[in-house]
Structures are given as C-alpha cells and as structure tokens.
Amino acid sequence: MQIEKHHIIISESSRPVLCPKKMDVLEVPANRQKGWYLSLMAPNTKGPAFAWLDPSRLYCNPQALADCVKDLLSPFDSDTIDLVAGIDAMGFILGASVASTLGKGFLAIRKAGHLCVATQSQNYTDYTGREKTMEVRLDVLKPGVRVLLVDQWIETGGTMKAAIQLVERLGATVVGVAAVAIENTEGGKWVKENYKFSHCIPEELQSQIDQKYLNSFKSFDQ
C-alpha cells in the first residue's frame with residue numbers, strides 16, 4: 001500500500017508546520033512526528049450547537065490512538081499514578097486507553113443521574129454555557145490515591161475544574177491533567193498554571209487550536 005507523506009512548509013518563524021494531504025482514517029505516515037494524528041480530526045459540519053471539531057476520528061486509527069496516549073503520558077514518566085479518571089463521555093475512551101497502557105484502574109466521572117451508588121456531586125458550566133452536574137462514586141477516591149485526570153478536550157476548562165474539585169474533595173491527589181488539546185482560554189490557562197498537564201498539540205499549532213480552525217481542515221473540502 002502506498003503511503004502519502006506529509007508535506008512540510010516553513011513558516012515565517014522558521015518552525016516546521018504540518019500541512020498534510022487528507023489522510024485515510026486508517027493511514028499511518030512514514031514520519032510519525034508528535035501530533036501527526038491531529039490531521040485525522042474532522043471539522044464540524046453540523047453548526048454551532050456542536051463542538052468545532054471531532055477528535056474521535058483519530059481513535060479509529062490504532063497507531064494514532066497509541067501515539068496519542070504515548071504523547072500524553074510522556075510528561076508523567078517519573079510520576080506515581082495509582083488511578084486514571086476519565087470524564088463523561090469522550091474522556092472515557094482516551095482515559096481507558098491511558099489506564100490500560102499504564103496497567104492502572106479506570107474511574108468514570110459521570111454526568112449526574114447515571115451512577116446507582118452513593119456519589120459526590122459538583123455543579124459546573126460546560127463549554128456550551130449550559131449548567132450541568134457531574135458525579136463520582138464515594139468508595140474509590142481517598143487520601144493517598146494519586147489520580148491522573150483525562151478528558152478529550154479542554155475548551156473553557158469548566159468541566160475539568162469540576163472534576164478536579166471532586167477528586168480533591170474526597171481527599172485524593174490530582175497528579176496531573178491530560179487532554180488532546182488545552183485551549184488558551186481563561187479556564188485552560190488556569191489548568192496549566194495550577195496543575196501539571198500534558199496535551200498533544202505542537203507549539204506551532206496552538207494558535208490554530210485557539211482560533212478554532214486547523215489548516216488540515218482544508219483537505220476535507222478536497
């Protein structure tokens with residue numbers, strides 16, 4: 001099978017910028033530089049009621065998912081992690097993959113009303129501005145447990161902040177926060193300033209993330 005290679009262009013700052021042709025969902029390029037799999041993410045075609053892109057397309061590619069998890073875990077190589085917690089719902093996919101890679105257990109932090117056991121709850125405002133509540137079971141988190149929190153994306157930061165509050169209220173320690181991307185919003189900056197974090201975005205792509213448009217989206221129109 002012939003593999004399309006990424007085209008590299010040089011920006012004004014002389015930084016290499018990823019500018020790929022449209023990739024088949026199962027394609028694996030010869031040069032797997034950090035974040036190569038971001039080009040697999042699909043743009044929103046359904047309007048403002050939805051998130052501005054669909055990161056979950058990259059999970060369909062097993063090498064992309066593995067490399068994404070590897071990049072997320074790299075900053076935590078020297079940290080002790082007892083448990084991985086993922087946030088409902090897309091954080092379940094990435095969080096469970098991270099937990100499996102580490103050989104650790106996975107804790108689901110759920111939207112209110114889904115857990116049939118005693119819970120601790122926390123109200124929050126999500127990226128759409130809607131008021132919601134999340135819950136976590138009471139019989140897992142306790143003092144001494146070191147937790148890595150994982151979500152798919154951090155936009156306004158409200159959802160992740162609520163998850164942090166739940167973990168810490170029950171006495172556990174947040175080792176760090178991991179997401180495919182952390183936008184430089186007020187909430188995203190708060191996460192970065194207060195907790196160890198990891199994401200998959202090369203520095204030269206952060207401005208595209210913050211502007212909510214990736215140049216790779218152009219290939220979806222071809």
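One-based numbering along the sequence shown.
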(request) Please round to the nearest 0.5 Å and tell me the distance separating atom CG of D210 and atom CG of N184. (result) 4.5 Å

(message) Under a 3.5 Å distance rule, please check whether R137 uses its side chain to pair with a backbone N or O of A108 as donor and acceptor.
(response) no

(request) Would you indicate whether the side-chain heavy atoms of D126 and T156 approach each other to under 4.5 Å? (result) no

(message) Are L141 and L166 connected into the same hydrophobic cluster when the rule is that any two of I, L, V, M, F, W, Y join if their side-chain heavy atoms are below 4.5 Å apart?
(response) yes

(message) Under 6.0 Å between ring centres: does that hold for W52 and Y213?
(response) no

(message) So P55 and L38, do their side chains get closer than 4.5 Å, heavy atoms only?
(response) no

(message) Could you go through H114 and M134, starting from their C-alpha distance and side-chain angles, then the distance that decides it, and tell me whether this counts as side chain to side chain contact (heavy atoms under 4.5 Å, CB included)?
(response) CA-CA 10 Å; H114 295 289; M134 66 172 59; over 6 Å; no

(message) If the threshold is 4.0 Å, N to carboxylate O, is there a salt bridge linking D71 and K34?
(response) no

(message) Let me confirm one number: the SG-CH2 distance from C68 to W36, rounded to the nearest 0.5 Å.
(response) 10.0 Å

(request) Using a 4.5 Å cut-off on heavy atoms from C-beta on, say whether the side chain of Q122 contacts that of K161. (result) no

(request) Evaluate ring-ring contact (aromatic ring centres under 6.0 Å, His included) for Y127 paired with W153, printing each intermediate quantity in order. (result) CA-CA 10 Å; Y127 71 96; W153 204 268; over 10 Å; no

(request) Considering non-hydrogen atoms only, spot the tightest contact between H199 and A181 and give its length. (result) CB-CA, 4.1 Å

(request) May I ask you to say whether D82 pairs ionically with R146, meaning some side-chain N is under 4.0 Å from a carboxylate O? (result) no

(message) Grouping I, L, V, M, F, W and Y whenever their side-chain heavy atoms are under 4.5 Å apart, do I81 and M160 come out in a common cluster?
(response) no

(message) Between D139 and V117, is the side chain to side chain contact (heavy atoms under 4.5 Å, CB included) condition met? List the steps.
(response) CA-CA 9 Å; D139 54 355; V117 295; 5.6 Å; no

(message) Donor-acceptor check, side chain of S100 to backbone of A96, threshold 3.5 angstrom: yes or no?
(response) no

(message) Working note: T125 + E131, criterion side-chain hydrogen bond (donor to acceptor under 3.5 Å, both in side chains); need CA distance, chi angles, decisive distance, verdict.
(response) CA-CA 5 Å; T125 303; E131 296 294 326; 2.7 Å; yes

(request) Identify whether L94 and I109 are in the same connected component of the hydrophobic contact network (ILVMFWY, side-chain heavy atoms under 4.5 Å). (result) no

(request) Look up atom CD in Q165 and atom CG in L170, then write down how far apart they are to the nearest 0.5 Å. (result) 12.0 Å

(request) Decide, yes or no, whether a salt bridge links D79 with K196 under the criterion of side-chain N to carboxylate O below 4.0 Å. (result) yes

(message) For the residue pair Q152 / Y59, report whether a side-chain donor-acceptor contact shorter than 3.5 Å exists.
(response) yes

(request) Could you check if a side-chain atom of N61 sits within less than 4.5 angstrom of a side-chain atom of V28, using non-hydrogen atoms only? (result) yes

(request) Indicate if I182 and L53 have the same hydrophobic cluster label, given that clusters are the connected sets of ILVMFWY residues with side-chain heavy-atom separations under 4.5 angstrom. (result) no

(request) Assign the ring pair F217 / F220 to parallel, tilted or perpendicular, where the plane angle (0 to 90°) is split at 30° and 60°. (result) perpendicular

(request) Answer yes or no: is there a donor N or O on one side and an acceptor on the other, between the side chain of D151 and the main chain of A179, under 3.5 Å? (result) no

(request) Would you give the length of the straight line joining atom NZ of K192 to atom CD of E183, rounded to the nearest 0.5 angstrom? (result) 9.5 Å

(request) Go through the steps to decide whether L102 and L73 satisfy the test side chain to side chain contact (heavy atoms under 4.5 Å, CB included), and finish with yes or no. (result) CA-CA 9 Å; L102 287 174; L73 286 176; 3.9 Å; yes

(message) Less than 4.5 Å apart, side chain to side chain, heavy atoms only: is that true for V25 and L58?
(response) no

(message) Is there a side chain to side chain contact (heavy atoms under 4.5 Å, CB included) between S56 and M90? Walk through the geometry before answering.
(response) CA-CA 8 Å; S56 68; M90 298 309 294; 3.6 Å; yes

(message) Can you give me the closest heavy-atom contact between L26 and C60, atom names plus distance?
(response) CD2-O, 3.3 Å

(request) Grab the two heavy atoms, one from S97 and one from V69, that are nearest each other, plus how far apart they are. (result) CB-CG2, 3.8 Å

(request) Look up atom CE in M23 and atom OG in S216, then write down how far apart they are to the nearest 0.5 Å. (result) 10.0 Å

(request) Starting at CZ of R110, measure out to OG of S121 and round the result to the nearest 0.5 Å. (result) 15.0 Å

(message) Test your reading of the model: is there a side-chain donor-acceptor pair from T185 to the backbone of E155, 3.5 Å cut-off?
(response) yes

(message) If the threshold is 4.0 Å, N to carboxylate O, is there a salt bridge linking R32 and D67?
(response) yes

(message) Between V175 and V147, is there a side-chain heavy-atom distance shorter than 4.5 Å?
(response) no

(message) Applying a strict under-4.5 Å side-chain criterion to I, L, V, M, F, W and Y, I'd like to know whether F106 and L72 cluster together.
(response) yes

(message) Looking at K212, I want to see if its NZ is surrounded by more than 12 non-hydrogen atoms of other residues, nucleotides or ligands under 6.0 Å.
(response) yes

(request) Can you see which heavy atom on F76 is nearest to which on S198, and at what distance? (result) CE1-OG, 3.4 Å

(message) With side-chain hydrogen bond (donor to acceptor under 3.5 Å, both in side chains) as the criterion, how do N123 and T133 come out once you've worked through the C-alpha distance, each side chain's angles and the decisive distance to 0.1 Å?
(response) CA-CA 4 Å; N123 297 328; T133 302; 2.6 Å; yes

(request) Taking the side chain as every heavy atom from C-beta outward, state whether V98 and L148 have any pair of such atoms under 4.5 Å apart. (result) yes

(message) To check you understand the geometry: which heavy-atom pair defines the closest contact between F92 and D88, and what is its length?
(response) CE2-N, 3.4 Å

(request) Compare all side-chain heavy atoms of Y37 with those of R57 and state whether any distance is below 4.5 angstrom. (result) no

